[in-house]
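Presented below is the structure to which this report refers.
Residue numbering restarts at 1 for every chain, and letters A, B, ... go by the order of the sequence lines.
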2 protein chains.
Amino acid sequence: MKVEAKLDPTPEEIVDIFNRALSKEAIVNIFAHCRVFYDGRAKSELGPGDRVIIIKPDGSFLIHQKEKREPVNWQPPGSSVGLEIKDGKLFLKSIRRKPREILEVELLKVYLISYFQAEDYEELALTGSEAEMADLIFENPSLIEEGFKPLFKEKPIKHGIVDVLGKDKDGNIVILELKRRRADLHAVSQLKRYVEAMREEYENVRGILVAPSLTSGAKKLLEKEGLEFRKLEPPKREKSKRGIQKTLFD
Amino acid sequence: MKVEAKLDPTPEEIVDIFNRALSKEAIVNIFAHCRVFYDGRAKSELGPGDRVIIIKPDGSFLIHQKEKREPVNWQPPGSSVGLEIKDGKLFLKSIRRKPREILEVELLKVYLISYFQAEDYEELALTGSEAEMADLIFENPSLIEEGFKPLFKEKPIKHGIVDVLGKDKDGNIVILELKRRRADLHAVSQLKRYVEAMREEYENVRGILVAPSLTSGAKKLLEKEGLEFRKLEPPKREKSKRGIQKTLFD
DNA sequence: GTCTTCATCTCGGAA
DNA sequence: TTCCGAGGTGAAGAC
């Protein structure tokens with residue numbers, strides 16, 4: 001069976017279905033009234049309430065409250081899960097090694113337990129990333145300025161990795177820091193770090209922040225530091241499989 | 001009914017259960033073979049496969065593949081969801097305004113649809129945060145060094161917000177940048193930005209990075225910039241409700 | 001609303 | 001493994 005679901009299961013049925021789901025490498029889904037304890041990089045406690053629990057075959061463990069995009073508690077891929085009965089109470093326990101982290105869920109009442117033996121061979125095709133901004137600049141360097149020559153992508157230097165390293169028409173070294181969204185103070189600090197590292201070894205180093213826009217604080221700091229800004233939106237290209245195949249037949 | 005679940009539902013049942021879930025402000029949970037299209041800050045496409053779909057009453061929309069902690073596609077809280085039939089095909093559509101983003105799921109086959117009218121009045125009590133490191137330092141300033149006097153927490157300065165601002169026993173201004181985990185190049189750049197901003201207005205400004213440890217690159221940059229390091233772990237305090245109440249009766 | 005920063009960030013890639 | 005930086009980052013707090 002690819003999918004199974006049981007409303008108001010008994011403890012025996014919970015154990016039974018849970019084990020069957022594990023053996024099938026299915027995604028487990030539980031609606032429960034529960035308490036949650038976490039200890040690891042930090043430590044937390046969550047009192048009784050209704051939550052949705054998801055356990056994936058790769059060990060990922062998610063506990064969702066009824067609001068927010070983020071799980072209230074979780075365990076990352078690679079964790080090991082088990083279902084235990086202690087003093088007649090049901091506990092889901094997930095353990096991660098390195099760093100050692102423990103997530104424990106006391107199941108006070110299970111409303112629904114289900115599993116889904118999901119088959120999925122597709123990967124997300126996403127466009128509009130920073131990497132595509134870099135590609136775009138290499139294809140059309142004049143988007144930065146006339147005579148700009150991009151030379152390196154993701155170039156490791158003394159204190160970090162430069163997005164794009166090139167030269168301008170006068171032979172000055174130019175460092176580009178790309179941001180796919182509005183650039184902030186952090187982006188300026190990053191660019192400044194690269195420019196200062198390069199200026200230790202070379203003269204005439206320019207730094208350009210390339211982004212769709214700047215925060216007010218970023219603009220102030222950028223100007224004070226003598227760094228530059230070029231407005232550029234991340235491109236949305238045809239990236240889907242269908243799109244790629246289509247062009248093959250054009 | 002607080003919970004409802006239907007295996008292999010017909011399109012009519014899907015619409016029916018979905019609408020009932022919405023009216024009850026329940027969490028909707030769907031096991032489906034589906035395709036996903038997203039357009040907004042970026043743009044993506046995901047071919048056919050089995051996924052778990054969660055729609056929360058606050059508008060959060062999650063699509064999970066069988067691996068990873070992160071949803072492959074999503075919509076944040078505040079989005080508006082709808083279920084439509086086009087050309088006999090079922091589509092879940094979620095729209096967000098500001099920024100405008102559209103998430104569309106073509107439901108090719110629904111294995112299970114369920115909802116959970118979750119009641120939850122509890123909030124996570126977490127300890128081991130950066131804020132608690134700051135509290136700890138204010139309670140015991142000698143953790144930084146003998147004679148250190150912390151003066152401000154989260155103090156806005158020219159180009160950013162300093163974690164802790166204080167003075168040392170010689171009257172020098174001291175800027176602390178706190179990190180709850182191993183500090184990296186970014187943390188050093190951040191501290192450097194604050195120190196340089198303060199040095200524009202004051203003399204004798206020291207910068208100290210306070211963290212459990214440093215990356216190799218962070219150590220190199222920190223030393224080159226004449227900044228300092230103090231090892232400090234984020235404290236794990238008693239923060240649970242039960243714990244707090246317990247101390248009230250002690 | 002904008003801005004700034006933290007996060008049990010997660011994730012991927014490279015050395 | 002550690003290090004480094006992106007992310008449709010999300011979320012919180014301040015203004």
Under 3.5 Å, N/O pairs linking protein and nucleotides 13-15 of chain C:
none

Quiz item: Which is the 5'-most and which the 3'-most nucleotide of DNA chain D that has an atom under 4.0 Å from a heavy atom of chain A?
Solution: D:dT2 to D:dA12
When you check the side-chain N and O atoms of [X] and [Y], is any donor under 3.5 Å from an acceptor?
X        : Y        : answer
B:Arg193 : A:Ser189 : yes
B:Arg237 : B:Thr127 : no
A:His64  : B:Lys56  : yes
A:Ser213 : A:Arg182 : yes

Provide the distance between the two [atom1] atoms, one in [N] and one in [M], to the nearest whole Å.
N      : M     : atom1 : result
D:dG8  : D:dC4 : P     : 23 Å
D:dA11 : D:dG7 : C1'   : 14 Å
D:dA14 : C:dT8 : C1'   : 25 Å

Self-check item: Cation-pi geometry met for B:Lys167 and B:Phe148 (6.0 Å, 45°)
Solution: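 Verdict for B:Phe148: no cation-pi partner in B:Lys167.
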Can you find a side chain N or O atom of [X] that sits less than 4.0 Å from OP1 or OP2 on [N]?
X        : N      : value
B:Lys179 : C:dC9  : no
B:Lys68  : C:dG12 : yes
B:Arg181 : C:dC9  : yes
B:Arg180 : C:dC9  : yes

Quiz item: Which of the following nucleotides, C:dT4, C:dC6, C:dT8, is nearest to the side chain of B:Glu177?
Solution: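 Of the candidates, C:dC6 comes closest.
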Exercise. Using heavy atoms to find the nearest nucleotide of DNA chain D for B:Ser60 and B:Glu101 separately, return the residue whose nucleotide is more 5′.
Key: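 Looking at the nearest nucleotide for each, B:Glu101 comes out on the 5' side.
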Quiz item: Closest nucleotide of DNA chain D for A:Glu154 versus for B:Gln75: which of these residues is on the 5' side?
Solution: A:Glu154
So [X], base contact, sugar-phosphate only, or nothing? Heavy-atom distance under 4.0 Å.
X        : value
B:Glu67  : nothing
A:Lys98  : sugar-phosphate
A:Lys43  : nothing
B:Ser44  : nothing
A:Gly40  : nothing
B:Glu130 : sugar-phosphate
A:Gly128 : nothing
A:Asp184 : base

Self-check item: Stretch residues 187-200 of chain B: residues that reach within less than 4.0 Å of DNA chain C through a heavy atom
Solution: B:Gln190, B:Arg193, B:Tyr194
Exercise. Mind running a 4.0 Å heavy-atom check of residues 205-215 of chain B against DNA chain C and sending the residues that fall below it, in number order?
Key: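 Residues of residues 205-215 of chain B under 4.0 Å from DNA chain C: none.
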Near [X] [atom1], under 6.0 Å, is it more than 12 heavy atoms from other residues, nucleotides or ligands?
X        : atom1 : value
A:Glu84  : CD    : yes
B:Lys43  : NZ    : no
B:Glu154 : CD    : yes
A:Lys224 : NZ    : yes

For atom [atom1] of [X] and atom [atom2] of [N], their distance in whole Å:
X        : N      : atom1 : atom2 : result
B:Leu124 : C:dC9  : CG    : C1'   : 14 Å
A:Leu126 : C:dG12 : CG    : C1'   : 14 Å
B:Lys158 : C:dT4  : NZ    : P     : 13 Å
A:Leu62  : C:dT8  : CG    : P     : 15 Å
A:Phe61  : C:dT8  : CZ    : C1'   : 15 Å
B:Ile157 : C:dC3  : CD1   : C1'   : 15 Å
A:Asp58  : C:dC11 : CG    : P     : 8 Å
B:His186 : C:dT5  : NE2   : C1'   : 13 Å

Quiz item: Partners of B:Pro76 by side chain to side chain contact (heavy atoms under 4.5 Å, CB included), sequence neighbours excluded?
Solution: B:Trp74, B:Ser79, B:Arg96
Quiz item: Quick one: do A:Asp163 and A:Lys155 make a salt bridge, cutoff under 4.0 Å?
Solution: no
Practice problem: Decide, yes or no, whether a salt bridge links B:Lys236 with A:Asp39 under the criterion of side-chain N to carboxylate O below 4.0 Å. | Solution: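 Between A:Asp39 and B:Lys236 there is a salt bridge, with a charged N closer than 4.0 Å to a carboxylate O.
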Quiz item: Out of curiosity, A:Asp120 CG to B:Leu46 CG, how far, rounded to the nearest 0.5 Å?
Solution: 6.5 Å
Quiz item: In Å, rounded to the nearest 0.5 Å, how long is the span from CG of B:Leu176 to CD1 of B:Ile137?
Solution: 5.5 Å
Self-check item: Flag side-chain contact, heavy atom, 4.5 Å: A:Lys179 against A:Gln190
Solution: yes
Exercise. Could you name each residue pair satisfying salt bridge (Lys or Arg N to Asp or Glu O under 4.0 Å) that touches residues 206-219 of chain A, not counting sequence neighbours?
Key: A:Glu145-A:Arg206, A:Asp168-A:Arg206, A:Arg206-A:Glu228, A:Lys219-A:Glu223
Self-check item: A:Asp39 (side chain) and C:dT8 (base): donor-acceptor pair under 3.5 Å
Solution: no
